[in-house]
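Letters A, B, ... are given to chains in the order of the sequence lines, protein chains preceding strands, and every chain is numbered from 1.
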Amino acid sequence: MLQVPFIRENKEYVIKRLAIRNIDATQMIDDVISLDEERRQVQTQLDNALAESNTLSKEIGNLYKSGKAAEANVLKERTTELKEITKALTETLNEKIEALNQLLYKIPNIPHPSVPKGSAEEDNEEVFKEGDIPVLHSEALPHWELAKKYNIIDFELGNKITGAGFPVYKGKGARLQRALIAYFLDKNTEAGYTEYQLPLLVNEASGFGTGQLPDKEGQMYHVTEDNLYLIPTAEVPGTNIFRDELLNESDLPIGITGYTPCFRREAGSYGAHVRGLNRLHQFDKVEILRVEHPNRSYQALDEMVEHVKTILKELKLPYRILRLCGGDIGFTAALTFDFELFSTAQDRWLEISSVSNFETFQANRLKLRFKNSDGKNELAHTLNGSSLALPRVLAGILENYQTEDGIVIPDVLVPYTGFKIIN
RNA sequence: GGAGAAAUGGCAGAGUGGUCGAAUGCGGCAGUCUUGAAAACUGUUGAGGGUCACACCUCCGGGGGUUCGAAUCCCUCUUUCUCCGCCA
């Protein structure tokens, strides 16, 4: 959520920057400014009425004490009047605030100056590419075929137990998955992130804090009985650790990592793009998350990108990094780098990580602040990224490491799997 | 699930109808002392709205009520703790 004073003082800039996202925010921004103006007018009227009321109450108290009950009763008539007035003004005020908030929820974050203009995926800017694309043998298979061949992932069984998008990992497949989780967590903690185990269900306030609610509830599974939501990413419980927190400047920076299953309803496309592990309703992910001083949040973003790079390098997987364009960047992010892994057998790029700086957009909703060196409370910057999303990394390993003898386990994972090949 | 107790500033913890935005301690900040630091001492320090700045307004878990006036009384919801029951 953008800050109203900022919008008020930088109206043209805000509209211009939001145009990068291909939206014309002129009307919304004008409405924000006029609603805020109205809100402040009502606020002032209400404050004046309350001030008069407070003064009278004190006088009445004093009159009673000095035994002048009759005079006090005269003043009471006015306070009764004022009660009506303040009640009406309070209602108007709440309406203004509500209308203003509803509007603010609809305005996305302002893109960072480096975000390229563009309308879709094709306009994302490739900023880095690394790793050799392996030459596979003639009978190379996509990962869903390999999963069947080696009996390591059972999609039909998941279908039976739950439904489409809930695969069952078996034997070496399950072990490989566990190995990846442990490996990622170890890499992250070595880099200074503190490991957390977080709740998989969150309440409404948390969904709201990170921006899934009120508009994107369709993305999450909702447990209506208890009004809780299954998390779509560890970002939600992870970032909400800091909801309503006032930190000391010396507490920053904060780095957290956590493994969680993630649940996403997203009824979407079908066909090859959702085959196998490409798109699931339940999947595993290891997340990294930071709370930073505004001065160094972009440095932190670079550090996070570098960190994810080292992991992919160690796994010897071919990948590229994209700077997302205005049309593709998420609602809450100011700048996002996507990592994509090349799936040789499918001959396409698969998104495996998304690393973003949200600046104060989430912090404003969360009321996540720190006391700066001037003693003022200032919104912190939040960032997060996947390190990494499991299914597509798994798919990439299966496909890129397949040989005629079986699937070779990347060297760095062998200590975690306890075996070197799946055959 | 049953019974009881509680929810106050960054944290801990007083306060039971007006002079309480709220004692005290810790923490934070500034200063004295010190080569520097620690300790000690002195001062300062809640949040939000509003204003050029003041004034002023709001906030003692959430919501509602009583009253001229509520942190304080009443209702309700939520959460936490203790005891009992059940249970991974």
Determine: side-chain N/O of A:Asn248 to OP1/OP2 of B:G10, distance under 4.0 Å, yes or no.
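Negative; the distance criterion is not met.
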Is the phosphate of B:G48 approached by A:Arg369 (side-chain N or O, under 4.0 Å from OP1 or OP2)?
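The answer is yes; a side-chain N or O of A:Arg369 sits under 4.0 Å from OP1 or OP2.
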Between [N] and [M], how far apart are the two [atom1] atoms, rounded to whole Å?
N: B:U45; M: B:A22; atom1: C1'; result: 15 Å
N: B:G28; M: B:G46; atom1: C1'; result: 12 Å
N: B:U80; M: B:U24; atom1: C1'; result: 25 Å
N: B:C86; M: B:G1; atom1: P; result: 15 Å
N: B:A53; M: B:U35; atom1: C1'; result: 44 Å
N: B:U76; M: B:G4; atom1: P; result: 13 Å
N: B:G61; M: B:U79; atom1: C1'; result: 8 Å
N: B:A14; M: B:G21; atom1: C1'; result: 15 Å

Can you find a heavy atom in the side chain of A:Pro108 that is under 4.5 Å from one in the side chain of A:Arg21?
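They are in contact (side-chain heavy atoms under 4.5 Å apart), so the answer is yes.
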Nucleotide [N], atom [atom2] - distance to [atom1] of [X] in whole Å:
X: A:Lys371; N: B:G46; atom1: NZ; atom2: P; value: 8 Å
X: A:Asn101; N: B:G49; atom1: CG; atom2: P; value: 13 Å
X: A:Gln3; N: B:G48; atom1: CD; atom2: P; value: 12 Å
X: A:Leu100; N: B:G49; atom1: CG; atom2: C1'; value: 13 Å
X: A:Asn377; N: B:G28; atom1: CG; atom2: C1'; value: 12 Å
X: A:Leu246; N: B:C29; atom1: CG; atom2: P; value: 13 Å
X: A:Lys367; N: B:G9; atom1: NZ; atom2: C1'; value: 17 Å
X: A:Leu368; N: B:G10; atom1: CG; atom2: C1'; value: 14 Å

Would you mind pulling out the nucleotide paired to [N], Watson-Crick or G-U wobble, both distances under 3.5 Å?
N: B:A40; answer: B:U32
N: B:A70; answer: none
N: B:A5; answer: B:U80
N: B:C59; answer: B:G46
N: B:A14; answer: none
N: B:C20; answer: none

Using 30° and 60° as the class limits, which term best fits the ring planes of A:Tyr13 and A:Phe6: parallel, tilted or perpendicular?
perpendicular
Classify the ring geometry between A:Phe361 and A:Phe331 as parallel (under 30°), tilted (30 to 60°) or perpendicular (over 60°).
perpendicular
Could you tell me whether A:Lys367 and A:Glu245 make a salt bridge, using a distance below 4.0 angstrom between a side-chain N and a carboxylate O?
no
For A:Thr360, the option from A:Arg365, A:His381, A:Met1 that meets side-chain contact (heavy atoms from CB on, under 4.5 Å):
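So, applying the side-chain contact (heavy atoms from CB on, under 4.5 Å) to A:Thr360 and each of A:Arg365, A:His381, A:Met1, only A:His381 qualifies.
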Can you confirm if the aromatic rings of A:Tyr229 and A:Phe208 lie within a centre distance of less than 6.0 Å?
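Ring centres of A:Tyr229 and A:Phe208 not closer than 6.0 Å.
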Quick check, are the ring centers of A:Phe263 and A:His281 under 6.0 angstrom apart?
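No, too far apart.
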Per-nucleotide protein contact string for nucleotides 52-79 of chain B (B base, S sugar-phosphate only, - none; heavy atom under 4.0 Å)
----SSS---------BS----------
Answer yes or no on whether A:Lys285 is positioned over the face of A:Tyr259, meaning its NZ or CZ is under 6.0 Å from the six-membered ring centre and within 45° of the axis.
no
Could you tell me if A:Asn372 and A:His293 have a donor-acceptor pair between their side chains, going purely by distance under 3.5 Å?
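Checked: A:His293/A:Asn372 side chains show no N/O donor-acceptor pair below 3.5 Å.
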